[in-house]
Amino acid sequence: MTMLLDVRGLRAFYGSTQALFGIDLTVAAGGITTIIGANGAGKTTTLRAICGTIRTMGEVFLSGVQIDRRATEDRIRQGIGHVPDGRGTFTDLTVEENLRLGAWIRRDAAGIARDLDRVFGYFPRLRERRGQMAGTLSGGEQQMLAISRALMSGPRLLLLDEPSFGLAPLVVAEIFEIMRRINEVEGIALLLVEQNAALALELADTAVLIESGRVVLSGSAALLRNDDSVRRAYLGN
Ligand code: ATP
């Protein structure tokens with residue numbers, strides 16, 4: 001079966017410093033894969049490498065098409081949406097302006113209007129606040145905006161970098177529930193980086209554990225959930 005995303009031997013560099021040493025991972029069409037690991041393990045770097053915002057070696061295939069030499073803009077056109085760490089929303093623009101920027105690669109005004117409505121359907125609070133400056137939103141609302149903005153490019157695959165970061169448990173639960181619905185209803189695949197390994201392994205069907213820029217364990221989410229070393233180090237049980 002051709003995977004939606006197939007990453008092989010991915011290495012990444014910050015200047016002359018190597019951060020990834022040959023990452024292999026896959027995301028099935030409509031599937032959910034999570035990357036777990038400690039601080040500094042290389043999770044964020046893996047997502048950047050897949051988007052092409054840092055220097056890499058190795059292969060990245062999207063639906064069988066090799067994209068690792070392509071510009072980031074082209075990868076977005078091919079169907080990759082990135083929700084970066086720190087959310088990356090434009091604080092001095094309104095909610096709606098941020099969302100319209102998310103659709104910058106598109107020219108179909110009717111489709112953009114439809115998707116704006118669809119995104120507001122998932123996040124009614126953003127609809128209510130469409131004219132509000134993004135910088136004045138709560139942390140949870142900003143995360144919702146970051147996810148929504150990535151959806152506006154019409155992705156087949158969403159890369160999510162720690163959507164739970166800094167949010168209260170109830171808000172985290174709400175965002176995870178919406179991610180689950182987006183995956184289920186839209187069939188959009190997710191590659192989810194998370195510190196909250198327990199929640200991530202509950203949502204995902206496949207998982208990889210990264211340590212020091214290398215995959216040390218991969219398989220079904222259930223396999224990682226039941227692995228003794230994962231339980232001790234990442235699940236605290
Ligand atoms: P965290 O959960 O803390 O964000 P992470 O698993 O996402 O951790 P990365 O941010 O991918 O880890 O970092 C992997 C390695 O790359 C670390 O050693 C980090 O110091 C280094 N690194 C990350 N960003 C940069 C950068 N912009 N310049 C230089 N080195 C970097």
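Atoms within a ligand are numbered from 1 in the order they appear, just like the ligands themselves. Given the structure is predicted, the values throughout are model-derived calculations rather than measurements.
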Assess, by modelled atom type and distance only, whether the side chains of [X] and [Y] contain a donor and an acceptor separated by less than 3.5 Å.
| X | Y | result |
| --- | --- | --- |
| Tyr122 | Glu186 | yes |
| Thr94 | Arg129 | no |
| Ser164 | Glu194 | yes |
| Thr45 | Tyr14 | yes |

To the nearest 0.1 Å, how far is [atom] from its closest protein heavy atom, and which atom is that?
| atom | value |
| --- | --- |
| atom 3 (O) of ligand 1 | Asn39 OD1, 3.1 Å |
| atom 4 (O) of ligand 1 | Thr44 OG1, 3.6 Å |
| atom 16 (O) of ligand 1 | Tyr14 CE1, 3.4 Å |
| atom 15 (C) of ligand 1 | Gly40 O, 3.8 Å |
| atom 9 (P) of ligand 1 | Thr45 OG1, 3.5 Å |

### Message
Using a 3.5 Å cut-off on N or O atoms only, is Thr46 in polar contact with ligand 1?
### Response
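Checking ligand 1 against Thr46, no N or O pair falls under 3.5 Å apart.
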Numbered atoms of ligand 1 (with element) below 4.0 Å of [X], judged on heavy atoms:
| X | value |
| --- | --- |
| Glu162 | 2 (O) |
| Ala41 | 5 (P), 6 (O), 12 (O) |
| Arg48 | 24 (N) |
| Gln195 | 2 (O) |

### Message
Applying side-chain hydrogen bond (donor to acceptor under 3.5 Å, both in side chains) to Thr89 and Asn98, what does each step give before you reach the verdict?
### Response
CA-CA 7 Å; Thr89 52; Asn98 268 279; 5.1 Å; no
### Query
What distance do Leu191 atom CG and Leu25 atom CG have between them, rounded to the nearest 0.5 Å?
6.0 Å
### Query
With a 4.0 Å cut-off on heavy atoms, is Gly42 touching ligand 1?
yes
### Test item, Ala38 contacting ligand 1 (heavy atom, 4.0 angstrom)
yes
### Query
Is there a protein heavy atom at a distance of less than 4.0 Å from atom 20 (O) of ligand 1?
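Given the 4.0 Å limit, the answer for atom 20 (O) of ligand 1 is no, no protein heavy atom qualifies.
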#### Entry: Residues Thr206, Ser220; criterion side-chain contact (heavy atoms from CB on, under 4.5 Å); working and verdict
CA-CA 4 Å; Thr206 307; Ser220 69; over 6 Å; no
### Task
Using the side-chain contact (heavy atoms from CB on, under 4.5 Å) rule, take Leu192 and Ile35 through it: C-alpha gap first, then chi angles, then the decisive distance, then the call.
CA-CA 6 Å; Leu192 171 66; Ile35 302 175; over 6 Å; no
### Message
Among Thr56, Asp85, Leu20, exactly one meets side chain to side chain contact (heavy atoms under 4.5 Å, CB included) together with Arg48. Which residue is that?
### Response
Asp85
